[in-house]
Asks: 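Below you will find the structure I want to go over with you.
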Number of protein chains: 2
Amino acid sequence: MRTGRRPAKRDGTTRDELTFARPLVTVDVVIFTLRDGRLEVLLVRRGGEPFTGCWALPGGYIHPTEDADLDAAARRILFEKTGVESPYLEQLQGFGNAVRDPRGWTATFVYFALIASDALALKRGANADEIAWWGVSEQGMVEPQLAFDHTVILRRAVARLRAKVEYTSLPVHLLPAKFTLPDLQKVYEQILGHLIDKSAFRKRMAEADFVEPLPGERRPASNRPAQLYRVKPGLSTVFFDRTI
Amino acid sequence: MRTGRRPAKRDGTTRDELTFARPLVTVDVVIFTLRDGRLEVLLVRRGGEPFTGCWALPGGYIHPTEDADLDAAARRILFEKTGVESPYLEQLQGFGNAVRDPRGWTATFVYFALIASDALALKRGANADEIAWWGVSEQGMVEPQLAFDHTVILRRAVARLRAKVEYTSLPVHLLPAKFTLPDLQKVYEQILGHLIDKSAFRKRMAEADFVEPLPGERRPASNRPAQLYRVKPGLSTVFFDRTI
DNA sequence: TTAATAGTGTCTCTAAGACACTATGAA
DNA sequence: TTCATAGTGTCTTAGAGACACTATTAA
């Protein structure tokens with residue numbers, strides 16, 4: 001577990017590793033939602049140094065007394081910003097090097113989260129500009145310049161999302177609890193960036209077997225109404241046998 | 001980037017977060033090799049507290065002055081133990097919570113590595129028992145009890161390896177530079193735990209197009225000799241269209 | 001010639017993809 | 001009846017999987 005090369009204390013750690021040379025470690029969360037059929041990411045404007053005034057991914061330090069584990073820290077950060085209690089949350093990747101923060105060697109555990117845009121209340125600070133949703137391009141680009149290495153991180157998160165959408169049920173987490181199959185198909189198409197054959201799509205969903213119709217409930221319109229579905233209780237992410 | 005709730009200093013950090021409550025962070029590496037057709041993992045016996053005398057995954061602290069980034073830290077740790085310069089190295093996952101280390105809140109960036117068992121020299125310490133290869137079961141179990149949460153970590157690493165073997169060229173990294181297609185097929189079969197049709201396997205390898213024959217070179221035996229191949233220069237991991 | 005393994009060819013049958021068709025509501 | 005979208009059926013064709021066949025060496 002350790003490789004200290006200087007005189008070791010009783011527990012095997014060296015003084016300078018514990019006291020001086022310890023990198024700063026944070027948890028950052030890439031929070032996605034879908035609004036008006038567009039993929040958006042939550043950004044916050046930084047108050048303190050460094051990168052003052054820059055937009056950045058929400059993140060923060062681990063609170064050892066509050067956070068049971070890394071997931072809990074990510075969930076706390078997300079809840080503090082969005083008020084969402086049970087998002088889809090998945091660890092993305094760690095990023096750490098000597099140059100991403102001008103203050104020195106830092107590392108971050110990055111999570112990515114999917115939430116439905118309904119029942120969502122952004123927690124703004126004194127300044128209404130402090131937190132906002134920003135549209136994300138298919139390549140993971142966003143309008144403002146981001147602090148730290150957050151441009152790279154966001155690009156990775158979008159790449160992961162797009163990759164997993166090909167073969168998982170992830171997109172349901174971007175929809176409200178009740179949705180129709182055409183709704184779901186539109187989300188897949190939006191994130192993948194291309195149209196999907198209706199018949200093929202429904203076959204996949206039937207095989208994957210993670211949604212169930214809500215008996216009787218249909219979404220009315222001036223045309224044939226669509227069956228409402230929900231995710232089968234107790235199911236988390238489902239992996240498909242084949243790509244969509 | 002931060003969410004301090006106590007009086008913030010000029011840079012936005014609070015005193016106790018920086019000085020007291022910072023979790024210890026390490027980098028651990030799950031190093032796999034194939035010896036006598038068996039998947040093995042490198043373990044080291046711990047000297048210091050806690051878990052004295054227990055076997056554990058090789059790991060250590062980040063050395064901010066030596067390690068440019070997380071990958072470099074993992075590569076250094078691996079090189080110190082095995083002498084291998086350019087392993088296949090991939091970040092697995094972060095693990096962090098309040099209970100995995102009795103000393104308090106700790107987190108680790110875990111990597112997994114694949115190396116060929118030829119041209120490999122274990123760096124032993126004074127005690128010859130300090131470092132050793134241990135066979136890994138298909139479920140990722142190993143004979144000795146492991147320190148910290150390393151049992152969980154190892155299981156995850158084996159799961160990731162087995163999953164990726166289904167659709168990537170990863171297993172070549174477990175073979176020496178020159179190998180035959182039957183060699184490669186045996187590695188796939190060994191890790192996946194089932195036999196593969198020879199014809200289907202060779203079709204996949206041809207499609208994936210990541211190996212090239214070494215003209216003329218063949219491995220002789222008292223039967224038809226097999227063509228020797230190598231990985232195409234400049235190629236890293238290749239993902240297959242379909243599963244094996 | 002035989003034993004043993006390397007390497008290729010072929011056949012069948014499933015299922016992916018394309019697309020046409022039917023169903024059901026409001027206006 | 002028409003329009004619009006929901007939902008199902010069918011046909012064609014590529015390719016996965018199974019398996020048989022040929023090739024090449026040493027003994």
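Predicted, not measured: the structure shown is a model, and the values here were computed from it.
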Asks: In terms of ring plane angle, is the pair Tyr167(B) and Phe239(B) parallel, tilted or perpendicular, where the classes change at 30° and 60°?
Replies: tilted
Asks: Given atom CD of Gln227(B) and atom C1' of dT25(D), what is their separation to the nearest angstrom?
Replies: 14 Å
Asks: Just compare dG7(C), dA6(D), dA18(C) and give me whichever is closest to any side-chain atom of Lys203(A).
Replies: dA18(C)
Asks: Rounded to the nearest angstrom, tell me the gap between atom CD1 in Ile196(B) and atom C1' in dG7(C).
Replies: 16 Å
Asks: Name the residue closer to the 5' end of DNA chain C, choosing between Ala200(A) and Arg224(B) according to the nucleotide with the nearest heavy atom.
Replies: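 Closest to the 5' end, via its nearest nucleotide, is Arg224(B).
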Asks: Identify whether any heavy atom of Ala226(B) sits under 4.0 Å from a base atom; if not, whether one sits that close to sugar-phosphate; answer base, sugar-phosphate or nothing.
Replies: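 Sugar-phosphate, no base atom in range.
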Asks: Starting at CZ of Phe201(A) and ending at C1' of dT8(D), how long is that distance when rounded to a whole Å?
Replies: 16 Å
Asks: Measure CG/Leu228(A) against P/dG25(C) and give the value in whole Å, please.
Replies: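 Atom CG in Leu228(A) sits about 14 Å away from atom P in dG25(C).
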Asks: Round to the nearest Å and state the distance from Phe240(B) atom CZ to dA16(D) atom C1'.
Replies: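 Checked: the CZ to C1' distance equals 15 Å.
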Asks: So which one's nearest nucleotide on DNA chain D is more toward 5', Asp197(B) or Pro225(A)?
Replies: Pro225(A)
Asks: Can Glu207(A) and Lys203(A) be counted as an ion pair, charged N to O under 4.0 angstrom?
Replies: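 Looking at Lys203(A) together with Glu207(A), the answer is no, because their closest N to O distance does not fall below 4.0 Å.
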Asks: Under 3.5 Å, is there a donor on one side chain and an acceptor on the other for Tyr229(A) and Gln227(A)?
Replies: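 No, no side-chain donor-acceptor pair sits under 3.5 Å.
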Asks: How do Asp183(B) and Glu207(A) order along DNA chain C: which one's closest nucleotide is nearer the 5' end?
Replies: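 Final value for this comparison: Asp183(B).
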Asks: Could you state the atom-to-atom distance from CE of Met205(A) to P of dA16(C) in whole Å?
Replies: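 In whole Å, dA16(C) P lies 13 Å from Met205(A) CE.
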Asks: Tell me if the side-chain of Ser199(B) makes a donor-acceptor pair with the base of dG9(C), cut-off 3.5 Å, by modelled atom types.
Replies: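 In this structure, the two groups form a donor-acceptor pair.
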Asks: Between P on dT5(D) and CG on Leu195(A), what's the gap in Å once rounded to a whole number?
Replies: 14 Å
Asks: Lys186(B) NZ to dG7(C) P: how many Å, rounded?
Replies: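 My rounded result for the distance is 11 Å.
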Asks: Going by modelled atom types, is there a donor-acceptor pair between the base of dG7(C) and the side chain of Lys198(B) at under 3.5 Å?
Replies: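 Check passes, donor-acceptor contact within cut-off.
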Asks: Using a heavy-atom cut-off of under 4.0 Å over every strand shown, decide if Thr180(B) touches base, sugar-phosphate, or nothing.
Replies: nothing
Asks: Just to confirm, is there a sub-4.0 Å distance from OP1 or OP2 of dG7(C) to any side-chain nitrogen or oxygen of Arg202(B)?
Replies: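 For Arg202(B), the contact criterion (side-chain N or O under 4.0 Å from OP1 or OP2 of dG7(C)) is met.
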Asks: Between Arg219(A) and Thr180(A) (side chain of the first, backbone of the second, donor and acceptor by atom type, cut-off under 3.5 Å), is there such a pair?
Replies: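 No, Arg219(A) side chain to Thr180(A) backbone: no donor-acceptor pair under 3.5 Å.
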Asks: Contact between Pro182(B) and Lys198(B) at the side-chain level, heavy atoms closer than 4.5 Å - yes or no?
Replies: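 They are not in contact (no side-chain heavy atoms under 4.5 Å apart), so the answer is no.
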Asks: Check every atom of dA4(C), dG25(C), dA26(D) against the side chain of Asn223(A) and return the nucleotide holding the closest atom.
Replies: dG25(C)
Asks: Counting any heavy atom closer than 4.0 Å, what does Arg218(B) reach on the DNA or RNA strands: base, sugar-phosphate only, or nothing?
Replies: sugar-phosphate
